[in-house]
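Quick note: residue numbers are just sequence positions, from 1.
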Amino acid sequence: MIKTILLVDDERLFHLVFEEACSLLDIALNLESIDSVDKAEALFQAWVENPASRPECVFVDLNIIGSAYDGIELVRKINEDYGNGVVIGIISSSADPTEQRRAQNVGVQFWIVKTDEIEPRLEQFRNDYEGYRLKTAPFRVYK
């Protein structure tokens with residue numbers, strides 16, 4: 001089980017879907033959802049001051065409406081500015097291979113394609129999680 005998950009996604013309805021799926025699958029002890037890059041950056045800054053506040057796993061939407069940059073740039077900032085060490089992936093309705101390669105280049109470990117049936121993808125992710133935590137699992141797209 002994952003101790004703490006952070007979801008960064010501008011779709012509040014998806015927060016509910018994601019939280020329910022995680023609960024049904026018993027994936028995490030604690031789940032926090034935020035809806036903007038600004039909120040994410042404030043939270044990440046707190047990691048610098050208190051590394052124990054860092055979640056184990058972060059899911060980032062590819063396109064966060066109203067943000068100065070996309071989810072891939074947010075992942076780059078997490079990995080470069082706030083310290084690597086968290087399991088991190090993109091969760092998006094897009095399955096664009098070009099975006100996936102771009103994501104891999106900044107340290108994204110997995111990509112989950114959003115659909116109405118998110119549970120099977122999250123279950124597959126849960127089964128692979130230990131490999132991501134140990135940095136031994138290859139990049140994978142969950143469709």
Side-chain angles (χ1 to χ4, degrees), residues 1-129 131-133 135 137-143:
M1 179 175 287
I2 304 168
K3 290 180 190 171
T4 309
I5 291 177
L6 173 65
L7 171 66
V8 182
D9 192 303
D10 62 324
E11 294 178 53
R12 291 182 186 230
L13 180 59
F14 183 71
H15 290 206
L16 298 173
V17 170
F18 185 85
E19 290 168 8
E20 182 177 328
C22 285
S23 178
L24 287 171
L25 295 168
D26 200 24
I27 289 179
L29 291 174
N30 185 18
L31 174 63
E32 183 174 0
S33 300
I34 56 177
D35 61 5
S36 76
V37 167
D38 292 338
K39 289 178 186 175
E41 288 207 86
L43 189 59
F44 302 157
Q45 188 57 46
W47 297 358
V48 174
E49 297 163 17
N50 180 12
S53 68
R54 219 178 352 190
E56 279 188 80
C57 183
V58 179
F59 291 80
V60 178
D61 187 16
L62 178 63
N63 297 307
I64 302 169
I65 295 174
S67 298
Y69 45 85
D70 67 8
I72 294 172
E73 179 62 16
L74 183 59
V75 170
R76 187 205 58 75
K77 289 182 78 61
I78 292 169
N79 285 331
E80 292 180 10
D81 299 347
Y82 303 108
N84 199 335
V86 298
V87 172
I88 193 158
I90 295 289
I91 189 160
S92 175
S93 55
S94 170
D96 182 354
T98 302
E99 292 293 339
Q100 291 169 3
R101 282 189 298 280
R102 191 173 146 238
Q104 283 181 277
N105 290 336
V106 299
V108 168
Q109 294 172 274
F110 61 91
W111 186 291
I112 296 179
V113 178
K114 281 185 195 178
T115 67
D116 292 339
E117 293 295 320
I118 196 71
E119 290 94 351
R121 288 155 192 81
L122 287 173
E123 186 170 23
Q124 291 172 329
F125 163 78
R126 181 187 64 190
N127 294 337
D128 295 338
Y129 177 75
Y132 294 125
R133 191 182 69 74
K135 309 283 188 219
F139 178 83
R140 181 168 177 197
V141 177
Y142 299 93
K143 297 181 187 181

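- Residue G89 comes nearest to V108 through the heavy atom pair CA-CG1, 3.9 Å, listed as atom of the first residue, atom of the second, then distance.
- Checking each of V75, D81, N79 against K77 for a side-chain contact (heavy atoms from CB on, under 4.5 Å) leaves exactly one that passes, namely D81.
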Requested in this report: Take F59 and L31, measure what side-chain contact (heavy atoms from CB on, under 4.5 Å) needs, and give me the verdict at the end.
Outcome: CA-CA 11 Å; F59 291 80; L31 174 63; over 6 Å; no
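- Between K114 and D61, at least one side-chain nitrogen of the basic residue sits less than 4.0 Å from a carboxylate oxygen of the acidic one, meeting the salt-bridge criterion.
- W47 has its side chain within reach of P55: a pair of non-hydrogen atoms, C-beta onward, lies under 4.5 Å apart.
- Residues A46 and S53 approach most closely at O-OG, 3.7 Å, considering heavy atoms.
- Between L62 atom CG and S94 atom OG the span is 5.5 Å, to the nearest 0.5 Å.
- In this structure, the separation between CD1 on I90 and CD1 on I72 is 5.5 Å, given to the nearest 0.5 Å.
- The distance from the CD1 atom of I5 to the CD atom of E32 is 12.0 Å, given to the nearest 0.5 Å.
- With contacts defined as side-chain heavy-atom distances shorter than 4.5 Å, the pair V87/E56 does not qualify.
- Between F18 and L122, the shortest heavy-atom distance links the atoms CE1-CD2, 3.8 Å.
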Report task. Show your reasoning for whether side-chain contact (heavy atoms from CB on, under 4.5 Å) applies to T115 and R121. Result -> CA-CA 9 Å; T115 67; R121 288 155 192 81; 3.3 Å; yes
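- Atom-to-atom distance recorded for Q124:CD and L25:CG is 11.0 Å, nearest 0.5 angstrom.
- The aromatic rings of F125 and Y129 sit perpendicular to each other, their planes meeting at more than 60°, with 30° as the lower class boundary.
- A 4.5 Å side-chain heavy-atom check between I118 and I91 finds at least one atom pair inside the cut-off.
- Proximity of R76 to Y69: side-chain heavy atoms (C-beta onward) are nowhere separated by under 4.5 Å.
- Distance CD/E123 to CG/N127: 6.0 Å, rounded to 0.5 Å.
- Taking each heavy atom of I64 and D35 in turn, the nearest pair found is CG2-O, 4.1 Å.
- Taking the side chain as every heavy atom from C-beta outward, S33 and E19 approach each other to under 4.5 Å.
- Contact detail for P138 and Y132: the closest heavy-atom pair is O-CE2, 3.7 Å.
- Using a 4.5 Å heavy-atom cutoff, the side chains of L29 and T4 are not in contact.
- Nearest heavy atom pair, residue M1 against residue I27, reads CG-O, 3.3 Å.
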Query raised in the report: Please walk me through it: do V37 and E73 pass side-chain contact (heavy atoms from CB on, under 4.5 Å)?
Result: CA-CA 10 Å; V37 167; E73 179 62 16; over 6 Å; no
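- H15 places a side-chain heavy atom less than 4.5 Å from the side chain of D9.
- Between the side chain of W111 and the main chain of F139, no donor-acceptor pair closer than 3.5 Å is present.
- The CD1 atom of I65 sits 13.0 Å away from the CG atom of D70 when rounded to the nearest 0.5 Å.
- Around the NZ atom of K143, the shell of radius 6.0 Å holds no more than 12 heavy atoms that belong to other residues, nucleotides or ligands.
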